[in-house]
Amino acid sequence: MPITAIATIRRAAAAALLVTAPLALTAGCHDGAGHRAGDSVTAVSPAPVPPPAHDGGDPPTGPDGRAACTPEMLKFQAGAMPRRAHRMLLTVTNFSDRPCTFAAQPYPLLHFGDDRQAPLPAIGASAPPAVVSLAPNRTAYALITTSAAHGPDGTHHRGRKVSQFGVALSARATPTQVGLDGRAPVHVDPRTARVTYWQSSLAATRKW
């Protein structure tokens, strides 16, 4: 190829480089989103939403919109009822500064022994005419029939001695262990024992 032609091709290539270089620099300084190359861009992910939990603030609400009673608000007591065979009394007192209700779970879920076992059935006829609510310093009551006069096989079973048992205020709650007053054990037959609904007065529990 003639020398003059080679020189002409080289001059054309050099001119093309001079034209494209500024364009490359401009493209490097700005991306498609309008950011300059020297800018610091940080990708931010949406903050995860934590699951709802009772964190010690306001207690959860029942179906009536009022605050549900929680173990943190209550003082538990239990013991055999004097002069009442096969009867035990459970009381809860609201020592918090806010009222609460048992609307979501109107009777205590009692566990004797393994917490994985089903709680004691409730005595349906003991349901009060209105849901029991507790103002501060007020007490609610539940009566426990520790055994039936006759068991499923027609005989009376005293059951086994217990000095404490679990009380849950909702189906998913971990039972609170409640010791009997004086630690005097009571015979309980979990096969035939029953519990009343929460009652607003001690007199109401005596009917059962």
Student: Mind listing the closest non-hydrogen atom pair of A68 and C100 along with its distance?
Tutor: C-CB, 3.9 Å

Student: Do F165 and L120 come close enough that some side-chain heavy atom pair is under 4.5 Å?
Tutor: no

Student: Transitively linked via ILVMFWY side-chain contacts under 4.5 Å: M88 with L110?
Tutor: yes

Student: What closest approach, in Å, do Q164 and G179 show between heavy atoms, and which atom pair accounts for it?
Tutor: CB-CA, 3.8 Å

Student: Between L90 and P108, is any pair of side-chain heavy atoms under 4.5 Å apart?
Tutor: yes

Student: What pair of heavy atoms forms the shortest contact from N94 to M73, and how long is it?
Tutor: OD1-O, 3.3 Å

Student: Kindly give the heavy-atom pair with the smallest separation between P99 and A67, and that separation in Å.
Tutor: O-CB, 4.0 Å

Student: State yes or no: do F76 and F112 share one hydrophobic cluster built from I, L, V, M, F, W and Y residues joined by side-chain heavy-atom distances below 4.5 Å, directly or via other members?
Tutor: yes

Student: Hey, mind stepping through L169 and F102 against side chain to side chain contact (heavy atoms under 4.5 Å, CB included) and telling me if it holds?
Tutor: CA-CA 8 Å; L169 303 181; F102 292 110; 4.3 Å; yes

Student: List in chain and number order the residues that pass side-chain hydrogen bond (donor to acceptor under 3.5 Å, both in side chains) with S200, two or more places apart in sequence or in another chain; answer none if no residue qualifies.
Tutor: none

Student: Do V186 and V195 belong to the same hydrophobic cluster, where Ile, Leu, Val, Met, Phe, Trp and Tyr are linked whenever their side-chain heavy atoms lie under 4.5 Å apart, directly or via other members?
Tutor: yes

Student: Can you list the residues that meet the side-chain contact (heavy atoms from CB on, under 4.5 Å) rule with K161, with sequence neighbours excluded?
Tutor: P185, H187

Student: So L74 and C69, do their side chains get closer than 4.5 Å, heavy atoms only?
Tutor: yes

Student: Atom NZ of K207 and atom CG of L143: how far apart are they, to the nearest 0.5 Å?
Tutor: 12.0 Å

Student: Using a 4.5 Å cut-off on heavy atoms from C-beta on, say whether the side chain of T146 contacts that of H86.
Tutor: yes

Student: What closest approach, in Å, do R160 and P190 show between heavy atoms, and which atom pair accounts for it?
Tutor: NH2-CG, 4.4 Å

Student: Starting from L180, can I reach M81 by hopping between I/L/V/M/F/W/Y residues whose side chains sit under 4.5 Å apart?
Tutor: no

Student: Using side-chain contact (heavy atoms from CB on, under 4.5 Å) as the criterion, list what pairs up with S170, not counting sequence neighbours.
Tutor: A173

Student: By side-chain contact (heavy atoms from CB on, under 4.5 Å), which residues pair with S126, not counting sequence neighbours?
Tutor: I123, T196, Y197, Q199, W208

Student: Following the transitive rule for hydrophobic clusters with a side-chain heavy-atom cut-off under 4.5 Å over Ile, Leu, Val, Met, Phe, Trp and Tyr, establish whether L89 and V167 coincide in one cluster.
Tutor: no

Student: Side-chain donor-acceptor pairs under 3.5 Å in residues 134-142, sequence neighbours left out?
Tutor:
residue: T139; atom: OG1; partner: T93; partner atom: OG1; Å: 2.8

